[in-house]
Amino acid sequence: MTDPKLKVLIPSDKLQARIRELGEQISRDFPTGRLHMICILKGACFFLTDLARAMKRDVYVDFMGISTYGKGKTSSGEVKVTKDLDISLEGADVLIVEDIVDSGVTLNYLMHLLEQRRPKSIRIAALLDKPERRLRPVHASYVGFQIPDEFVVGYGLDFAERYRNLDDICVLDPAAEAAAK
Ligand code: PRP
C-alpha cells in the first residue's frame with residue numbers, strides 16, 4: 001500500500017523473523033505442560049496467529065476483549081472485560097499475547113485479573129513496547145521490538161479502526177491523516 005501519510009518503521013520481513021525467534025524461545029522455555037496463548041483483541045490477532053504458528057509445540061488459543069477508557073492520559077484508566085475466555089486457566093502456563101505495551105494500564109489490570117484464576121504461571125509476549133509512555137508497571141518476558149513514542153499502525157494496530165491489515169508496522173502522521181479528511 002502506498003500512502004504518503006505512512007512511513008515504514010518495521011518491515012514485514014523483520015517482523016516475521018523476530019516472531020519466529022520468539023516462537024522458538026517460548027517453546028524452549030515451556031517444553032511441556034498446558035500452554036495457553038491469550039490474544040487480547042483486537043490488535044494482537046495478527047501477532048497471535050503468526051506467533052502460534054512459530055511455536056514448536058502444541059498450544060491452546062483463546063481470546064479476550066478489553067476496553068479501556070482514559071487510557072494513556074492518566075494512570076487511572078478504567079478497564080472492562082468485553083469478551084471473557086472460553087477455557088479455564090487453572091493449572092496452566094499462560095502467555096498473554098499483546099500487540100503493544102503503551103501506558104501499561106491494560107496489561108497491569110489483566111495480570112491482576114488472570115492471576116486470580118489460579119494458573120501455574122503467567123507471562124507476557126508483546127510485539128512492541130513503548131517504555132517512554134509507561135504509567136503502570138508491566139514486565140513483558142518476550143518483546144519483539146522497543147519503539148520510540150510515535151503513532152504506529154499496521155499488523156493489527158489501528159487509527160480509528162483503519163490500517164490494521166498493513167503487513168508492516170508504520171508511523172502515521174495523525175495531523176496529515178486529519179487534514180486528508
Ligand atoms: C491497544 C493495544 C493494547 C493496549 C495497550 O488496544 O492492543 O491492548 O492498547 O495500551 P496501554 O498499555 O496504554 O493500556 P486498544 O485499546 O487500542 O484496542 P484494539 O487492540 O482493539 O485496537
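Counting starts at 1 for both ligands and their atoms, in listed order. These values consider heavy atoms only, across backbone and side chains, with no hydrogens, waters or symmetry-generated copies.
- Checked by distance only, ligand 1 and Gly104 come closer than 3.5 Å through their nitrogen or oxygen atoms.
- Of all the atoms in ligand 1, the ones that sit under 4.0 Å from a non-hydrogen atom of Ile100 are 2 (C), 3 (C), 5 (C).
- Using a 4.0 Å cut-off between charged nitrogen and carboxylate oxygen, Asp102 and Arg133 count as a salt-bridge pair.
- Assignment of Ala44 to the shell around ligand 1 is not supported, since no heavy atom sits closer than 4.0 Å.
- Residue Leu41 approaches ligand 1 through these ligand atoms, each under 4.0 Å from one of its heavy atoms: 20 (O), 21 (O).
- Taking 4.0 Å as the cut-off between side-chain N and carboxylate O, Glu150 and Lys130 do not count as a salt-bridged pair.
- At least one heavy atom of Asp99 sits closer than 4.0 Å to an atom of ligand 1.
- Heavy-atom contacts of Ser103 reach the following atoms of ligand 1: 11 (P), 12 (O), 13 (O), 14 (O) (cutoff under 4.0 Å).
- The pair Arg117-Asp84 meets the salt-bridge criterion, with a side-chain N (NZ, NE, NH1 or NH2) lying under 4.0 Å from an Asp/Glu carboxylate O.
- Interface of Glu98 with ligand 1, defined as ligand atoms under 4.0 Å from a residue heavy atom, comprises 2 (C), 3 (C), 7 (O), 8 (O).
- Ring centroids of Phe47 and Tyr155 are separated by 6.0 Å or more, keeping the two rings apart.
- Taken to the nearest 0.5 Å, the CD1 atom of Ile122 stands 10.0 Å off from the NE2 atom of His112.
- For the pair Leu166 and Cys170, the tightest heavy-atom approach, listed with the atom from each and the gap, is CD1-SG, 4.1 Å.
- Put simply, part of Arg164 is less than 4.0 Å from ligand 1, judged by heavy atoms.
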